[in-house]
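In what follows, a single structure is set out as structure tokens and then discussed.
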Amino acid sequence: MNNFIEKTQNKEEIKDSLLNIIFNFPEKIKKSYLKEVDEIRKFAIAIKDFELVSISMSIYAYLKYRCVEKNSYRAYMMLNDAKYLAVSSNLYLAQKVNLFIFALMEFEEENFDDAIDFIKNAGLIKIGEFEFDNKLNTVKSAIEKAKQKRIIHLAPPSFIPDHKNDPLLALLKVGRTMAIETNLDTLLTIIAKEINLALNADRCTVFLLDTEKNELWSKVALGMDLKEIRFDAKLGLAGYVVQTGETINIADVYSDKRFNKEIDLQTGYKTKSILCMPIRNMSHEIIGAFQVLNKKGGHFTQKDEDLLIAIGSSAGIALENATLFNKQKQFIEEQKQLLSSFIDTLSASIDARDKITAGHSERVTKYAVLICEKMQMNEDELDIIRQASLLHDIGKIGIKDHILQKEGALTKEEYDEIKKHAQITYDLLSRIYVSKYFKNVAKIASSHHEKWDGTGYFLGLKGEEIPLGGRILAVSDVFDAITSKRHYRSKMDIVRALDILIEGENKHFDKNVVDVFMSLETNKIINVIIGNKKIEEADNFVLSKFKMSDIYGLYKNSENRKLTTEEERFVNIFNKYYNLV
């Protein structure tokens, strides 16, 4: 199966191979399956196919139990992880497979009634060519016979946990989640779900204390739509718990004056029993409250209180950490926005000096971003190049207006003066200390006039000595310059403009970057060229079907062959928008 993964990236085929393994259970087990299924599990994690992850985890758990460890507790833990992933992600097939494997596990453990329950819950289903109804009925029949004969398939295990409502499993689940989860909303949801399951309750809400507004709030209320609930921190049982630090366990809440009936009135939910407990941080300060509602089959016990205390002691720390992390994340985001605003202002200051070249930096940035996206750069790399693009001409702030705005050709002395803007750009940006990564912005922004053959400026870098961002900027900058009106000339026709890029491959430009630019869809390029104007929907559809290499090829070959109707329509639409500005 390792070879199978290497030969195909087809997830459906891999899924079928897993289902084939299932259909050998429980009659035929190969130890070699263990490594093969584990490879699929790792592959599924790498490609983030959660259905495949859950299915492979379920099968791997059973295989390891049968072939290696004979440890039911570890198998149940992994099966519960697979179940949680399948249920939380609404993965229908993964849930069915998980129930089926649970049935096999119970069969091995001689828990025949539970095995039958799992088979019933799995239901009779058909997935492609796999007839689960026949297989399930076969296993069900085998379980019934074993139940009657009390067949001992394996030695009795030393410990079989009640995995369907096991407090230890709940603690482990919450503990592992809290160790890795930093998203507050996700953490609140997971903690609430696990408390709900562990205490066999109908609903659980985790309230956090907003000390600035003196309010309790939550986005988690199982059984309801995900809405933010907010109320005065002095109201209701949750408010009482936060104010006093007491734990409240009430069998009939409507008989207690402290209960806030407003939330029930707002939601239409009927609260009967309630267990409410404060959440504390590492300093033992109260930061919120757990509110668990309507114990199924009775009321909350001392055992439930003890379990909630055990979960809460770790949950409080995790929630405080997540809150601090979110605040830090918000602060960083605000700093990014401030920096972005600062960069936009600097960029606009150059455009303000000359109406003819106004918008140049913005267009160069858009071209550079399109190239980066086509190269599938990560967000951090793209962001650095975006900032460098906006600031690539900031050094022109040190060049005199009469040279920048001169109509007609520049003298050698004037051109030498213009060339200084690249070094001025570096000098200015390298003095702005925001972070180490901003130093890359300075290097990229100041390298947009470097050339692949080493004849550029200001450092005379050659080939891959030039930062990739600088090579992308070089193509973007030149293309915008020659397709825009200048003091000394009109915009070039598109064929001549693309000729300059292609003729400059491995001389002025990195050929790979030019190739990427030529592979861009023409509607994206036109969108940049026309700025605030709009492409008609029908025209956009036509343009999106052709790349820049197509418009170049059609122009070059138009003398040698007659264009098709579709090609001619495309060329006319392209010209209409290209010549619009």
Assess the residue pair Lys545 and Asp550 against the criterion (salt bridge (charged side-chain N to carboxylate O under 4.0 Å, His left out)); give the C-alpha distance rounded to whole Å, side-chain angles, the decisive distance to 0.1 Å, and a yes or no.
CA-CA 10 Å; Lys545 293 165 65 178; Asp550 294 322; over 6 Å; no
Side chain to side chain donor-acceptor pair (under 3.5 Å) with [X]: which residues, sequence neighbours excluded?
X: Lys507; value: none
X: Lys213; value: none
X: Glu285; value: Asn281
X: Ser544; value: none

Partner set under ring pair (Phe, Tyr, Trp, His ring centres under 6.0 Å) for [X], not counting sequence neighbours:
X: Tyr578; value: Phe574
X: Phe458; value: none
X: Phe509; value: none
X: His449; value: His421, Tyr457

Taking atom [atom1] of [X] and atom [atom2] of [Y], what is their separation to the nearest 0.5 Å?
X: Ile529; Y: Arg363; atom1: CD1; atom2: CZ; result: 9.0 Å
X: Asp232; Y: Leu216; atom1: CG; atom2: CG; result: 8.5 Å
X: Leu208; Y: Ile279; atom1: CG; atom2: CD1; result: 6.0 Å
X: Ile424; Y: Ser446; atom1: CD1; atom2: OG; result: 12.0 Å
X: Leu520; Y: Ile525; atom1: CG; atom2: CD1; result: 5.0 Å
X: Leu390; Y: Ser361; atom1: CG; atom2: OG; result: 7.0 Å

Using the side chain to side chain contact (heavy atoms under 4.5 Å, CB included) rule, take Asp477 and Leu473 through it: C-alpha gap first, then chi angles, then the decisive distance, then the call.
CA-CA 6 Å; Asp477 182 58; Leu473 268 180; 5.5 Å; no
Is any side-chain heavy atom of [X] closer than 4.5 Å to a side-chain heavy atom of [Y]?
X: Glu379; Y: Arg386; value: yes
X: Arg561; Y: Glu567; value: yes
X: Ile384; Y: Ile444; value: yes
X: Ile371; Y: Ser476; value: yes
X: Leu391; Y: Thr425; value: no
X: Ile472; Y: Met375; value: yes
X: Asn506; Y: Asp453; value: no
X: Met548; Y: Leu498; value: yes

Salt bridge or not between [X] and [Y]? Use side-chain N to carboxylate O under 4.0 Å.
X: Lys412; Y: Asp416; value: yes
X: Glu503; Y: Arg496; value: yes
X: Lys556; Y: Asp499; value: yes
X: Lys366; Y: Glu362; value: yes
X: Lys400; Y: Glu417; value: no

Counting only N and O atoms by type, is there a donor-acceptor contact under 3.5 Å from the side chain of [X] to the main-chain atoms of [Y]?
X: Ser389; Y: Ala368; value: no
X: Ser54; Y: Phe50; value: no
X: Ser447; Y: Glu450; value: no
X: Ser490; Y: Lys485; value: no
X: Asn540; Y: Glu536; value: no
X: Asn378; Y: Glu381; value: yes

Report the residue from Asn523, Val528, Ile530 that forms a side chain to side chain contact (heavy atoms under 4.5 Å, CB included) with Ile526.
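Of all the options given, the one that passes is Ile530.
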Can you find a side-chain donor-acceptor pair between Asp383 and Gln387 that sits under 3.5 Å?
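Note: Asp383 and Gln387 side chains meet the donor-acceptor criterion.
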Write out all pairs satisfying ring pair (Phe, Tyr, Trp, His ring centres under 6.0 Å) with one or both partners inside residues 372-402, taking only residues at least two apart or from two chains.
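Every ring pair (Phe, Tyr, Trp, His ring centres under 6.0 Å) pair that includes a residue of residues 372-402, provided the two are not neighbours, is His360-His392, His392-His448.
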Tell me, which pairs form a ring pair (Phe, Tyr, Trp, His ring centres under 6.0 Å) where one or both residues lie in residues 517-561, sequence neighbours left out?
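Residue pairs with at least one partner in residues 517-561: Phe479-Phe517, Phe546-Phe570.
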According to the salt bridge (Lys or Arg N to Asp or Glu O under 4.0 Å) rule, which pairs have a member within residues 512-521, sequence neighbours left out?
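Every pair satisfying salt bridge (Lys or Arg N to Asp or Glu O under 4.0 Å) with a residue in residues 512-521: Lys374-Glu521, Lys511-Asp515, Glu521-Lys524, Glu521-Lys547.
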Taking it one step at a time, do Ile397 and Leu428 satisfy side chain to side chain contact (heavy atoms under 4.5 Å, CB included)?
CA-CA 10 Å; Ile397 203 168; Leu428 285 173; 3.8 Å; yes
Working note: Asp38 + Lys35, criterion salt bridge (charged side-chain N to carboxylate O under 4.0 Å, His left out); need CA distance, chi angles, decisive distance, verdict.
CA-CA 5 Å; Asp38 193 38; Lys35 184 177 179 182; over 6 Å; no
Any chance OH of Tyr426 has more than 12 other-residue heavy atoms, nucleotides or ligands included, within less than 6.0 Å?
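Counting other residues, nucleotides and ligands, OH of Tyr426 stays at 12 neighbours or fewer.
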Step by step, work out the side chain to side chain contact (heavy atoms under 4.5 Å, CB included) result for Met377 and Ile385.
CA-CA 10 Å; Met377 285 189 182; Ile385 294 173; 3.7 Å; yes
How would you list all residue pairs meeting side chain to side chain donor-acceptor pair (under 3.5 Å) that involve residues 459-475, not counting sequence neighbours?
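Qualifying pairs: Arg471-Asp510.
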Nearest non-hydrogen partners of [X] and [Y], listed with the distance:
X: Gly288; Y: Val242; answer: O-CG2, 3.8 Å
X: Ala445; Y: Leu429; answer: CB-CD1, 3.7 Å
X: Thr205; Y: Ser218; answer: CG2-OG, 3.5 Å
X: Ile55; Y: Ala94; answer: CG1-CA, 3.8 Å

Evaluate Ile403 against Ile418 for side chain to side chain contact (heavy atoms under 4.5 Å, CB included), listing each step before the verdict.
CA-CA 8 Å; Ile403 297 177; Ile418 283 279; 3.6 Å; yes
